[in-house]
Number of protein chains: 2
Amino acid sequence: MITLTGVTDSATAKGEQTRELILSTALRLFREQGYGKTTMRAIANEAGVSVGNAYYYYGSKDHLMQAYYDLLQDQHREVVEPILAAEKAFVPRLAGVLRAWLDVAAPYHEFAGTFFKTAADPRSPLSPFSDESRPARDASIDVFRRVIDGSDLKLPGDLKSELPELLWLLQMGVVLFWVHDRTDDVRRTRALVDRAVPLVDRLLRLTRIPGVRGVTNDVVALIRSIRT
Amino acid sequence: MITLTGVTDSATAKGEQTRELILSTALRLFREQGYGKTTMRAIANEAGVSVGNAYYYYGSKDHLMQAYYDLLQDQHREVVEPILAAEKAFVPRLAGVLRAWLDVAAPYHEFAGTFFKTAADPRSPLSPFSDESRPARDASIDVFRRVIDGSDLKLPGDLKSELPELLWLLQMGVVLFWVHDRTDDVRRTRALVDRAVPLVDRLLRLTRIPGVRGVTNDVVALIRSIRT
DNA sequence: GTCTATAACACGATAGAC
DNA sequence: GTCTATCGTGTTATAGAC
């Protein structure tokens, strides 16, 4: 790696390499034996580093989990690009994005419950609602903003501006379902996505009906006031 | 305690006493220092029993949490009785039941996040979605069935039969919000309940509109197929 | 700044004696 | 049913090497 000073920053490069080695080793062991049965000693051992070194790069075992989650999101954003480029209709765009997440996360389905466990603690920085995960959350919400903005969906402006966050919540629900899904290739979750997305589309189009509009406005107002 | 054999079952009685002593001590320490900082050693010590004895009654620290949750539900069902007896309209019935939960759970708000944490692990028997907690879940859902059945709410039968479970899910959402709520006396959560309940009522009444009915049926069908 | 080696600590959980 | 002793593991500490 070349820095601005013109000196090869091999130390940093090597550090980055070690960091990735530790993470990939941890993820492999998590996959093979589950999160609970993988010890920090085993991770360090398998990666050929000392326990102290593992802690030098990742403050705790949970941080390895968090790093995996960040990785997952990066991969999701990549995989989603061709879908958003190709599809124009709202339904296939949303369904494609949700299915893509299932594909990317598939290898880790077995132990993903553990992530959910640590993530559900509101005081944990790993919570999807925490300040610390705001960047990751915002990036994720942004994907849904693009799903909407690049689509044929016509909606009143105030609902449209809240929708990305609502779709992110929908995905959290899908993830919750996915975590509990023990069917082959998470067939039930895929069925849920396939059926729920057209329904969401129809529900959104319902907001054009005059009698529905009023309630919709109040729902949007409530959501707004909640977020503060 | 007198058993069917006519013999005083002092052993069992004493055991039950120990069990309750351990639980109440644990809950007190949880309240005073939080879940994380309360050790099993401290619980045993404070209760005047050995660590091994504590584990004899509660298989893990998480099980103490589960026992608390069961206690909470029992209390909730009690507190809710007068509300269901007095109110006939759907909105105050539902709002009353949700507010009552906030009141009952208030002393434990500080560490309740930890419950959510254990609850989110799908493989844990403590998950609210697990088979093991089905009795507790069913009892909880039943409260919402009574909220509906004793009210003036008029709904198509298939939606009405799914509604208790949906309202239970609504409460899970409220709990999620509550866990993250740091305002005094969880003011924001109370505001959420006060505003959301009338909205739920209005949304339910919307299902009478012809154009809405079709989508509603599909939503109900989807929920049905999910539960299997 | 990156890394090793090793020991020690705290705590959840368990084994086995009584 | 209850105890004491012990284990396994996340995490930290120390003391240094390159």
Side-chain angles (χ1 to χ4, degrees), chain A residues 1-5 7-23 25-26 29-30 33-68 111 114-115 117-118 121 124-126, chain B residues 1 3 7-23 25-26 29-30 33-68 111 114-115 117-118 121 123-126:
Chain A
M1 180 182 280
I2 309 297
T3 68
L4 289 174
T5 61
V7 179
T8 301
D9 195 351
S10 66
T12 304
K14 191 185 175 199
E16 213 46 46
Q17 210 172 351
T18 306
R19 170 181 234 105
E20 277 163 29
L21 173 65
I22 292 168
L23 178 59
T25 305
L29 291 180
F30 289 165
Q33 330 175 325
Y35 182 84
K37 284 181 182 162
T38 303
T39 67
M40 289 299 283
R41 287 166 179 83
I43 294 169
N45 209 29
E46 198 75 5
V49 301
S50 68
V51 179
N53 200 10
Y55 275 98
Y56 178 80
Y57 286 105
Y58 296 95
S60 75
K61 198 178 170 185
D62 282 355
H63 279 76
L64 284 163
M65 206 67 201
Q66 171 75 320
Y68 151 62
F111 77 93
T114 316
F115 170 71
K117 186 171 169 168
T118 67
D121 184 350
S124 161
L126 277 63
Chain B
M1 180 181 282
T3 67
V7 179
T8 302
D9 194 351
S10 65
T12 305
K14 192 183 173 198
E16 212 47 48
Q17 212 173 350
T18 308
R19 172 182 232 105
E20 278 163 28
L21 174 64
I22 292 167
L23 179 58
T25 305
L29 291 179
F30 288 166
Q33 331 176 327
Y35 182 85
K37 283 180 183 164
T38 304
T39 67
M40 288 301 282
R41 284 166 178 81
I43 294 169
N45 210 29
E46 197 77 3
V49 301
S50 69
V51 181
N53 201 8
Y55 275 99
Y56 176 79
Y57 286 105
Y58 297 95
S60 75
K61 198 178 169 186
D62 283 354
H63 279 76
L64 284 164
M65 203 70 202
Q66 171 75 330
Y68 150 62
F111 76 89
T114 316
F115 168 71
K117 187 172 167 167
T118 68
D121 185 349
R123 248 166 291 216
S124 162
L126 278 60

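The chains referred to below are lettered A, B, ... by the order of the sequence lines, with proteins before strands, and numbering in each begins at 1.
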Given atom CG of A/N45 and atom P of C/dA5, what is their separation to the nearest angstrom? 10 Å
Nearest-nucleotide pick for B/R41, side chain only, options being C/dC11, D/dG10, D/dT2: C/dC11
When you get a sec, tell me which of D/dT11, D/dC3, C/dT2 is the closest nucleotide to the side chain of A/Y57? C/dT2
Distance, rounded to the nearest Å, where A/I43 contributes CD1 and C/dC3 contributes C1': 18 Å
Side-chain atoms of B/T39 come closest, of D/dC3, C/dC11, D/dG1, to C/dC11
May I have the distance from B/M40 (atom CE) to C/dT14 (atom P), rounded to whole angstrom? 10 Å
Which nucleotide in C/dA13, D/dG10, D/dT2 has an atom nearest any side-chain atom of A/K61: D/dG10
With A/Y68 via ring pair (Phe, Tyr, Trp, His ring centres under 6.0 Å) - residues at least two apart: A/Y108, A/F111
Rounded distance in Å - OH (B/Y58) to C1' (C/dT14): 19 Å
Just the atom pairs and distances: protein N or O near nucleotides 12-18 of chain D's N or O, under 3.5 Å.
none

Nearest listed nucleotide, side chain of A/S50, among C/dT2, C/dG12, C/dA5: C/dA5
Look at the side-chain N and O atoms of A/S60 and state whether any lies under 4.0 Å from the OP1 or OP2 oxygen of D/dG10. no
Compare every heavy atom of B/L126 with every heavy atom of B/D62, then report the nearest pair and how far apart it is. O-CD2, 3.1 Å
Mind calculating the distance between CG (A/D62) and C1' (D/dT9) to the nearest angstrom? 14 Å
For B/E46, enumerate each residue passing the salt bridge (charged side-chain N to carboxylate O under 4.0 Å, His left out) test, keeping only those at least two apart in sequence or located in another chain. B/R28
Between C1' of D/dG1 and CD of B/Q17, the distance in whole Å: 14 Å
For the student: nearest non-hydrogen atoms of B/K61 and B/F30, plus distance: CE-CE2, 4.3 Å
Please determine if a side-chain N or O atom of B/N53 lies less than 4.0 Å away from the OP1 or OP2 oxygen of D/dC3. yes
Within this structure, what is the CG-to-P distance between A/L21 and C/dT4, rounded to whole angstrom? 10 Å
Exercise: identify the closest heavy-atom pair between B/T25 and B/A47: OG1-CB, 3.6 Å
On a heavy-atom basis, the closest approach of A/L23 and A/A67 is CD1-CB, 3.8 Å
A/G48 near the nucleic acid: base, sugar-phosphate alone, or nothing, with a heavy-atom cut-off under 4.0 Å? sugar-phosphate
Is B/I22 close to B/L64 at the side-chain level, that is, under 4.5 Å between some pair of heavy atoms? yes
A/R19 CZ - C/dG1 C1' separation (whole Å): 13 Å
